[in-house]
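Since this is a predicted model, take the numbers as computed values, not measurements. Heads up: numbering here begins at 1 and tracks the sequence.
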Amino acid sequence: MLQEIHTPKATNPWLAMVFMIIALFMIMLDVSVVTVALSDIAKNLNASVQDASWVLSAYTLVFAANLIVAGRLGDHFGRKKIFVVGLLIFMFASVACGLSQNITTLIVFRAVQALGASFIMPATLSFVSLLFPPEKRGMAMGIWGVTSGISSALGPAIGGFITHNFSWHYIFFLNVPLSIIAIAGVVLVFAESKDEKKAKLDILGAFLNIILLLFLTFGITIITDPKMFVFAVLSLVLFLVSLIAFIVHEKRLGEEALLELSLFKERSFTIGVICGFILMFGMMGVFYLMPYFWQHIGMLNPAQAGVNMLPMTVSMLVITPFVGRLSDKTKPKYLMIGGSLLSAIGVAIVCMQMRIAPPSSSFFVGMLLAGLGMAFLQTPLTTSVMASIPPSKAGAGSGVLTSSRQVGSLIAVALMTMIISGTATPGVIGLKTATNIQTGLLVIVFAYSISAALLFLVKGETIKELVNRKS
């Protein structure tokens, strides 16, 4: 049961939404904004491609590992308090990232930055679920989905522009004014909300969650290096051991667990979480592979590589608001199936049309279809998953959903780094690297096909029907 510390009227839902959008845009932009800048970062800080990939992986790892914990902290201590703390951490870490003079320092502060972001993300999703009634929640989730998707999609273009015209350092300095605006808005506009039930925080579960993701990411990233193969295998074995220990521990704790396994009894929630993983795995995989292709094989500068990603971005920007309204009036199941299939088709076309010469019109059609598909998948997915759980579990549920998405991004970076790492040295990149990139794109096509198949198992319910069933 939720306890409002102020009266509900103290929070204007749409005004609060403005500041949530600013915060969400900022933290999601930082997931993908460095993808185009990685080559410049590696060159400027004398780092290898594998080392530079940890600028992405450190952020997504800490972000993903702490989302469930942060969601619980919001339920426990108050979502507004955790929101403000997250914004402060994120702002100061962004400054430190921009001032970094070596790759190790940058990776460390990217991890701190992600810690702040992990406090912000669940709060935004919880506030949307709490502030808006079921009949308006689809539109609100649509706006949330637009912001989340578009900020990630705009990352390569914005990162490329800033890196080419200024310096990669300014990618991080951009967060400072946005953080100040968001903090002022949250303090002045938001009413506090939290869960009346004071459950104990699952410290051991949080620790196991972090180390199992660390072992998995490290193992996948280094497995192609012959000198590190034994360590990669050991890391993956430790991941399996940690995963088993985590599941046993969480099952024993029941409702006090970090990850409430009872949430997965709802089929819509379980499949939604899996498809959320696939959505971001595919999106981040494309954002990681294509800028690498254009910069290292097509020999384009960061700004040009970012521009080539715009068809996907623009299609998501245009269609997502309409998808949000459509998901209020129709059964989200069919929108999500269509989105998964469109994404698979679009990425398959991109894979077939890759070439060093200027991209063909078919390539841009593929990017356009992929963006449309991701838009049709993302918003209905978020709305239906959050509607499938009780309001009192909003923090825990949003933490699981957003964590699954960021784990998808994390695994995408690790796996795509593994795929291209054998030919990642500048000057010797050629046909083999291009073939490896195509392999990575085919993995993404397969993943979206799995998403479509899984969604056929979801009940064909409207959002209102789903909310009524859970109330």
Practice prompt. Please report the C-alpha distance between L38 and Y288 in whole Å, then the side-chain angles of each, then the deciding distance to 0.1 Å, and finally whether the side chain to side chain contact (heavy atoms under 4.5 Å, CB included) criterion is met.
Written response: CA-CA 10 Å; L38 280 180; Y288 188 76; 3.8 Å; yes

Worksheet item: Does a side-chain heavy-atom distance below 4.5 Å link M316 with M283?
Response: yes

Item to complete: Output yes when a side-chain donor or acceptor of S94 lies under 3.5 Å from a complementary backbone atom of V176, and no otherwise.
Response: no

Item to complete: Just do the side chain to side chain contact (heavy atoms under 4.5 Å, CB included) check on M416 and F281 with the steps written out, would you?
Response: CA-CA 10 Å; M416 300 312 160; F281 173 85; 3.9 Å; yes

Fill in: Main-chain N/O of G276 paired to S404 side chain as donor or acceptor, under 3.5 Å
no

Fill in: side chain to side chain contact (heavy atoms under 4.5 Å, CB included) assessment of M312 paired with M374
CA-CA 9 Å; M312 180 185 289; M374 292 171 192; 4.0 Å; yes

Discussion item. Could you measure the distance from the OH atom of Y448 to the SG atom of C275? Nearest 0.5 Å is fine.
Written reply: 10.5 Å

Worksheet entry | Pairwise distance CD1(I27) to CD(Q113) - rounded to 0.5 angstrom | 10.0 Å

Fill in: side chain to side chain contact (heavy atoms under 4.5 Å, CB included) partners of I274, counting only residues at least two apart
T270, I278, L454

Discussion item. Given 3.5 Å as the limit, does a donor-acceptor pair link the side chain of T60 with the main chain of L56, or not?
Written reply: yes

Worksheet item: Where do L24 and M20 land on the side chain to side chain contact (heavy atoms under 4.5 Å, CB included) test, with the steps shown first?
Response: CA-CA 6 Å; L24 181 63; M20 284 191 285; 5.9 Å; no

Worksheet item: Using 30° and 60° as the class limits, which term best fits the ring planes of Y170 and F173: parallel, tilted or perpendicular?
Response: perpendicular

Please list, one pair per line, the donor and acceptor atoms closer than 3.5 Å that link side chains of residues 83-93 to other protein atoms, with sequence neighbours excluded.
none

Practice prompt. Give, for atom OG of S451 and atom CE of M336, the distance between the pair rounded to the nearest 0.5 Å.
Written response: 8.5 Å

